[in-house]
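Each ligand, and each atom within it, is numbered from 1 in the order the structure gives. Just so it is clear, the model here is predicted, and its values are computed rather than measured.
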Amino acid sequence: MLGFLVALHLAPEWELENIVVAPSARRRGVGRQLMDALLSAARETDSDSVFLEVRESNVAARSLYEKAGFEQEGRRKSYYTNPMEDAVLYRLSLA
Ligand SMILES: CC(C)(COP(=O)(O)OP(=O)(O)OC[C@H]1O[C@@H](n2cnc3c(N)ncnc32)[C@H](O)[C@@H]1OP(=O)(O)O)[C@@H](O)C(=O)NCCC(=O)NCCS
C-alpha cells in the first residue's frame with residue numbers, strides 16, 4: 001500500500017480526516033492523486049465544501065492542500081498536543 005485517505009461525507013459537506021503516503025513513496029504525486037479522488041467524489045455528490053484541519057508546521061500537507069485550491073479559514077489555538085500547536089482550518093468551496 002502506497003497511501004490512504006479517509007474522509008467523512010455529511011451532505012452537503014465533506015471533511016478530510018487523514019491523508020498519509022508511505023515515506024518511501026512521497027513526492028511522486030500519490031498525495032495529489034488521493035486528493036483528486038476525494039475532490040471527484042465530492043463533486044459527484046453535489047457537495048458545497050470540503051473542510052480539513054492540519055498542524056501549522058506541516059509544510060508538506062499545507063502545500064498539497066493549497067495547490068488543490070483549499071483556502072485558510074481560521075485556526076484552533078493550541079489544538080494539538082505533543083507538541084502543542086495550532087490547527088489551521090482550510091476549506092475548499094465547490095460551489
Ligand atoms: C502530506 C503528504 C500526504 C503528501 O503526499 P505526497 O505523495 O508526498 O505528495 P505529492 O507528491 O502528491 O505532492 C503534491 C504537493 O504537495 C506538496 N508537498 C509534498 N511533499 C512536500 C514536502 N516534503 N515539502 C513541501 N511540499 C511538499 C508540494 O506542493 C507537492 O507539489 P509538487 O510536487 O508540485 O512540489 C505526505 O507528505 C504525508 O503522508 N505526510 C505525513 C502524513 C501527514 O502529515 N498527513 C497530513 C495530515 S493532516
- prompt: So is Tyr65 close enough to ligand 1, meaning a heavy atom under 4.0 angstrom away?
  reply: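 Contact check Tyr65 vs ligand 1: positive.
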
Say you draw a straight line from [atom1] of [X] to [atom2] of [Y]; how long is it, rounded to the nearest 0.5 Å?
{"X": "Leu64", "Y": "Phe70", "atom1": "CG", "atom2": "CZ", "value": "8.5 Å"}
{"X": "Arg91", "Y": "Glu71", "atom1": "CZ", "atom2": "CD", "value": "9.0 Å"}
{"X": "Asp48", "Y": "Leu94", "atom1": "CG", "atom2": "CG", "value": "7.5 Å"}
{"X": "Tyr79", "Y": "Leu89", "atom1": "OH", "atom2": "CG", "value": "8.5 Å"}
{"X": "Ser40", "Y": "Glu44", "atom1": "OG", "atom2": "CD", "value": "6.0 Å"}
{"X": "Ile19", "Y": "Met35", "atom1": "CD1", "atom2": "CE", "value": "5.0 Å"}

Nearest to [atom], what protein heavy atom do you find, and at what distance?
{"atom": "atom 38 (C) of ligand 1", "value": "Arg26 NE, 3.4 Å"}
{"atom": "atom 4 (C) of ligand 1", "value": "Leu64 CD2, 4.1 Å"}
{"atom": "atom 20 (N) of ligand 1", "value": "Arg27 CD, 3.1 Å"}
{"atom": "atom 29 (O) of ligand 1", "value": "Ser63 OG, 2.5 Å"}

task: Apply side-chain contact (heavy atoms from CB on, under 4.5 Å) to Glu17 and list each qualifying residue two or more places apart in sequence or on a separate chain.
output: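 If we apply the side-chain contact (heavy atoms from CB on, under 4.5 Å) test to Glu17, skipping adjacent residues, the hits are Val6, Leu8, Glu15.
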
message: Can you list everything that forms a side-chain contact (heavy atoms from CB on, under 4.5 Å) with Ser78? Sequence neighbours excluded, please.
response: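 Result, side-chain contact (heavy atoms from CB on, under 4.5 Å) vs Ser78: Met84, Asp86.
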
message: As a test of understanding, state which of Arg55, Glu56, Arg76 forms a side-chain contact (heavy atoms from CB on, under 4.5 Å) with Val88.
response: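 Exactly one candidate clears the test, Glu56.
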
message: Applying a strict under-4.5 Å side-chain criterion to I, L, V, M, F, W and Y, I'd like to know whether Val20 and Val30 cluster together.
response: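 Looking at the clustering, Val30 is in a separate group from Val20.
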
Short list, please: which atoms of ligand 1 are under 4.0 Å from a heavy atom of [X]?
{"X": "Arg28", "answer": "11 (O)"}
{"X": "Val20", "answer": "39 (O)"}
{"X": "Val30", "answer": "7 (O), 12 (O)"}
{"X": "Gly29", "answer": "10 (P), 11 (O), 12 (O)"}
{"X": "Ala61", "answer": "1 (C), 46 (C)"}

Say whether [X], considering both its backbone and side-chain N or O atoms, lies within less than 3.5 Å of an N or O atom on ligand 1.
{"X": "Ile19", "answer": "yes"}
{"X": "Val21", "answer": "yes"}
{"X": "Arg32", "answer": "yes"}
{"X": "Glu53", "answer": "no"}

Which of the listed options, [options], holds the heavy atom that is closest to [atom]?
{"atom": "atom 6 (P) of ligand 1", "options": "Gly31, Ser57, Ala22", "result": "Gly31"}
{"atom": "atom 18 (N) of ligand 1", "options": "Pro23, Ala87, Ala60", "result": "Ala60"}
{"atom": "atom 47 (C) of ligand 1", "options": "Leu34, Val88, Asn18", "result": "Asn18"}

query: Under 3.5 Å, side chain of Thr45 to main-chain N/O of Ala41, donor-acceptor pair present?
result: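 Indeed, once roles are kept as given, a pair shorter than 3.5 Å links the two residues.
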
- request: Say whether, by atom type as modelled, one donor and one acceptor occur between the side chain of Arg26 and the main chain of Val21 under 3.5 angstrom.
  value: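 Indeed, once roles are kept as given, a pair shorter than 3.5 Å links the two residues.
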
One residue to check: [X]. Relative to ligand 1, which of side chain, backbone, both or neither has a non-hydrogen atom less than 4.0 Å away?
{"X": "Asn58", "answer": "side chain"}
{"X": "Gln33", "answer": "neither"}
{"X": "Lys67", "answer": "side chain"}

- prompt: Would you say atom 42 (C) of ligand 1 has a protein heavy atom nearer than 4.0 Å?
  reply: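 Looking at atom 42 (C) of ligand 1, one finds that a protein heavy atom does lie closer than 4.0 Å.
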
message: Using every non-hydrogen atom in the two residues, find where Phe51 and Glu73 come nearest and quote the distance to one decimal.
response: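 Of all heavy-atom pairs spanning Phe51 and Glu73, the closest is CE2-OE1, 3.9 Å.
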
